Amino acid sequence: WDRKIEKAIAKEIDYFVVLQSQVMSAKLESYFNKEIRLALERQNYFRPGVRFIIPVKIEDCPLLEELEHLQTIDLSKQENVTSLITALERDQERRKRK
């Protein structure tokens with residue numbers, strides 16, 4: 001299972017969306033911490049301005065420290081759903097141009 005997840009994050013997905021919640025923020029040890037580290041490693045290979053990791057808050061909670069430098073989309077408010085769609089569309093346009 002580990003190898004499949006590592007391969008998917010390293011080569012098979014276009015985006016890594018991190019759904020942040022209070023429960024997730026409270027966990028000190030969990031498999032998602034490993035997944036986030038793998039995604040952060042892959043993010044290093046993208047050019048500036050191209051998103052791979054998209055942090056998304058699904059409720060009011062603190063941001064994960066390792067993702068604070070990335071623009072977060074707050075979906076705890078229904079009206080922000082279009083922000084996620086817009087971010088993905090903008091990034092797809094950037095990827096086509098580069």
Side-chain angles (χ1 to χ4, degrees):
W1 188 244
D2 276 349
R3 282 186 234 148
K4 286 186 179 199
I5 290 174
E6 289 171 14
K7 182 182 175 192
I9 292 171
K11 298 178 182 176
E12 297 176 352
I13 60 174
D14 291 327
Y15 297 100
F16 186 85
V17 178
V18 181
L19 301 176
Q20 297 184 88
S21 66
Q22 291 179 9
V23 171
M24 184 179 178
S25 298
K27 288 192 176 199
L28 297 177
E29 183 178 347
S30 182
Y31 197 83
F32 69 77
N33 290 318
K34 179 179 179 177
E35 293 171 339
I36 290 170
R37 280 193 301 279
L38 291 168
L40 286 166
E41 180 62 32
R42 182 167 175 204
Q43 179 72 56
N44 291 327
Y45 291 93
F46 285 91
R47 296 183 72 149
V50 176
R51 296 179 79 161
F52 173 63
I53 301 172
I54 302 175
V56 174
K57 286 175 61 171
I58 58 172
E59 60 187 15
D60 188 26
C61 62
L63 296 175
L64 295 175
E65 198 174 301
E66 57 270 41
L67 302 177
E68 287 178 344
H69 67 286
L70 299 170
Q71 182 180 0
T72 299
I73 298 171
D74 185 358
L75 291 186
S76 64
K77 298 176 181 111
Q78 182 67 28
E79 64 270 13
N80 291 340
V81 171
T82 56
S83 297
L84 177 59
I85 295 166
T86 301
L88 291 170
E89 289 172 341
R90 262 193 241 136
D91 190 75
Q92 283 296 307
E93 286 301 315
R94 282 188 193 111
R95 289 178 185 221
K96 287 177 188 175
R97 285 184 262 151
K98 294 185 180 193

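Please read these numbers as outputs of a predicted model, since none were measured by experiment.
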Would you say E68 has more than 12 foreign heavy atoms packed within less than 6.0 Å of its CD?
-> yes

Supply the atom-to-atom distance F32 CZ to R37 CZ, rounded to the nearest 0.5 angstrom.
-> 10.5 Å

Judged by atom type as modelled, is there a donor-acceptor pair below 3.5 Å linking the side chain of Q20 to the main-chain atoms of L64?
-> yes

Scanning both residues in full, the closest heavy-atom pair of L19 with M24 reads O-SD, 3.1 Å

So, R90 and E93, do they make that salt bridge, N to O below 4.0 Å?
-> no

Side-chain contact, heavy-atom cut-off 4.5 Å: L67 with L40?
-> yes

When every non-hydrogen atom of D14 is compared with those of R95, the smallest separation belongs to O-NH2, 3.0 Å

Report yes if the side chains of V18 and E35 come closer than 4.5 Å at any heavy-atom pair, otherwise no.
-> no

First locate atom CD1 of I54, then atom CG of L70, and finally report the distance between them rounded to the nearest 0.5 Å.
-> 10.0 Å

With rounding to the nearest 0.5 Å, note down the distance linking CG in L75 to CG in N80.
-> 6.5 Å

Nearest 0.5 Å, what's the CG-OG distance between L88 and S83?
-> 11.0 Å

Side-chain donor or acceptor of Q43 paired with backbone N/O of V50 under 3.5 Å | yes

Give the minimum heavy-atom separation between F52 and I9, together with the two atoms involved.
-> CZ-O, 3.7 Å

Assess whether side chain to side chain contact (heavy atoms under 4.5 Å, CB included) is satisfied between K27 and N33, documenting all intermediate values.
-> CA-CA 9 Å; K27 288 192 176 199; N33 290 318; 5.7 Å; no

At what distance, to the nearest 0.5 angstrom, does CZ of R42 lie from CD of E6?
-> 13.5 Å

Any side-chain heavy-atom pair of F16 and I36 under 4.5 Å | yes

Whether over 12 other heavy atoms sit under 6.0 Å from K34 NZ | yes

Looking only at atom types and distance, does a side-chain atom of S25 sit under 3.5 Å from a main-chain N or O of P62, one as donor and one as acceptor?
-> yes

Give a yes or no on whether the backbone of E59 and the side-chain of Q22 come within a donor-acceptor separation of less than 3.5 Å.
-> no

Residues G49 and D91: closest non-hydrogen pair is O-OD1, 3.9 Å

Check for a donor-acceptor pair, side chain of R51 on one end and backbone N or O of Q92 on the other, with a separation under 3.5 Å.
-> no

Please check if L38 and I53 belong to a single hydrophobic cluster, counting links between Ile, Leu, Val, Met, Phe, Trp and Tyr side chain heavy atoms closer than 4.5 Å.
-> yes

Provide the closest heavy-atom pair for V17 versus V56 in the form atom of the first, atom of the second, distance.
-> CG1-CG2, 3.7 Å

